[in-house]
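Indexing begins at 1, ligand by ligand and atom by atom, following the structure's order. Bear in mind the structure is a predicted one, so any value in this text is a computation, not a measurement. When reading the values below, keep in mind they use all heavy atoms of this one structure, side chains included, and skip hydrogens, waters and symmetry mates.
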Amino acid sequence: MTGDVPAAGSSVYAEIDLAAIRSNTRLLMERAAPAQLMAVVKADAYSHGATQIAPVLEQEGVAAFAVARPTEGVELREAGITTRILVLGAPLPGDLPVCAHHDLDVTVSSLEVAERVRDYARVQPLRVHLKVDTGMSRLGVSPEDVSDVYRTLQKERRVTVGGVWTHFATADAPGHPLTATQRERFDALRRELDLPLSFHTDNTGALLTGDGTLPSPEGPASQTYPSYVRTGIAVYGLAPTSELSSGEVASKLRPALALRARVTHLHTIDAGTSVSYGATWTADRPTRIATLGAGYADGYPRLGSGSARVRIGDELRPVVGTICMDMCMVDLGPPDSPLARRVEVGNAATLFGPDGPTIYDVARWARTIPYEICCGLSRRVPRIYTDGEDSEDEANR
Ligand SMILES: *Cc1c(COP(=O)(O)O)cnc(C)c1O
């Protein structure tokens, strides 16, 4: 749909800086070493475009990819990605043939899944990672049942167990006791199993805080230690929270995504005139209003109404009234102000970007997390890929 429209002429567009992705990946590989990077590219690489981002990451030498669902893995295979891909979600019965056919690693999340995997592997070999629930209570085998599940998988020669993993519930909160509890449970399990498998735990939060780091093991598990860190959001240049973004490593990350919208209409309203649905904002003086061609259907959250700001003509200005589906309105100040006189139809405003406001700001205004702002970017927003050099100019346009 958007393919026919020149993105640069669109009323809203996302700029994605591939040089930032490369720089983040190098930084994270260094930070994770000797563990390897499993780059999480689920949800279309957090809206950055999985088939555009994965080849860049593959070039940088990431060891593996992770996706949430088999269809996301198939999309990467069809785009020519040959690196290992782990599907993080629990497989439904129909997913096993898809995973086998496209060489996607299956998450074994219960004894039933293990039995299905064992049976299906008689038809076609499968590679799996065993997921252990150490405290997130979302997916996975409880630690007491892991040996049983592992034995079930071992009954079929054509099942390869590539790893055992768990996921932290509180990794973005430094020093949270649950992270320590989960790490200890997982470490105890690793000692009990005593097998040469990849045991992996860390997401971005755990990598940044170091709270999840397992002690180095002895015996067979030492052969595959350390294994992977599963980093998603940091690849795209963000920390899980704005609090973590000022840390030593996180402050070197470069946000890759910017969302810009163009002024599609300008008008001046009198004092006492309200703006947008619900008439929730009223001008208290003659005001120049810029209407931008971006709204909540593009992923600019309606919950930001009343607090959001945008960068326009190099000033931060408030979004006034309710954010609509396809538009939002910006207060440019009195009609004779320098800004109001400068802004023209077609000018671009920054809704978020490295030059600010940041994705953390938008998330705060909308009372959510940076992840949801990224993932909420909708399909109708054209993506423009840049490779670093020209991104400054783009930002100041
Ligand atoms: C999404 C996800 C990750 C990546 O999380 P980030 O916080 O983006 O690094 C890692 N592991 C699992 C199981 C996930 O679902």
### Task
Using a strict 4.0 Å threshold on nitrogen-to-oxygen distance, state whether Arg151 and Asp148 make a salt bridge.
yes

### Query
Would you call Lys131 a ligand 1 contact, heavy-atom distance under 4.0 Å?
no

### Query
Are any of the side-chain nitrogens in Asp355 or Arg260 under 4.0 Å away from the carboxylate oxygens of its partner?
yes

### Message
Name the residue from Gln182, Arg230, Lys131 that meets the side-chain hydrogen bond (donor to acceptor under 3.5 Å, both in side chains) definition with His167.
### Response
Arg230

### Message
Show me which atoms of ligand 1 lie under 4.0 Å from any heavy atom of Gly232.
### Response
4 (C), 6 (P), 8 (O), 9 (O)

#### Entry: Asp44 and Arg379 ion-paired at < 4.0 Å
no

### Query
What protein heavy atom sits nearest atom 11 (N) of ligand 1, and how far away is it?
Arg230 NE, 3.0 Å

### Task
Heavy-atom contacts with Ile233 under 4.0 Å: which atoms of ligand 1 show up? List them by number with element.
6 (P), 8 (O), 9 (O)

### Message
Tell me the protein heavy atom at minimum distance from atom 4 (C) of ligand 1, and give that distance in Å.
### Response
Tyr46 OH, 3.6 Å

## Note on the structure
shortest atom 9 (O) of ligand 1-to-protein heavy-atom contact is with Thr204 OG1, 2.5 Å

### Summary
A student checking ligand 1 against Trp165 at a 4.0 Å heavy-atom cut-off should list atoms 13 (C)

### Task
Taking Thr166 for its side chain and Thr201 for its backbone only, find out whether a donor-acceptor pair lies under 3.5 Å.
no

### Query
Counting only heavy atoms, which portion of Arg138 has something under 4.0 Å from ligand 1: side chain, backbone, both, or neither?
side chain

### Summary
Atoms of ligand 1 under 4.0 Å from any heavy atom of Thr231, numbered from 1 in the order shown, are 9 (O)

### Message
Give me the nearest non-hydrogen protein atom to atom 12 (C) of ligand 1 as residue plus atom name, then the distance to 0.1 Å.
### Response
His167 CE1, 3.3 Å

### Task
Report the nearest protein non-hydrogen atom to atom 7 (O) of ligand 1: residue, atom name, distance rounded to 0.1 Å.
Tyr371 OH, 2.6 Å

### Message
Could you check whether any side-chain N or O of Arg77 sits under 3.5 Å from a backbone N or O of Ile81, counting only pairs where one atom can act as donor and the other as acceptor?
### Response
yes

### Message
Students often mix this up, so state it plainly: with edges at 30° and 60°, are the rings of Trp165 and His200 parallel, tilted or perpendicular?
### Response
parallel

### Charged N-O contact under 4.0 Å between Arg183 and Asp211
no

### Task
For Lys42, take its heavy atoms, then give the atoms of ligand 1 lying under 4.0 Å from any of them.
1 (C), 2 (C), 3 (C), 14 (C), 15 (O)

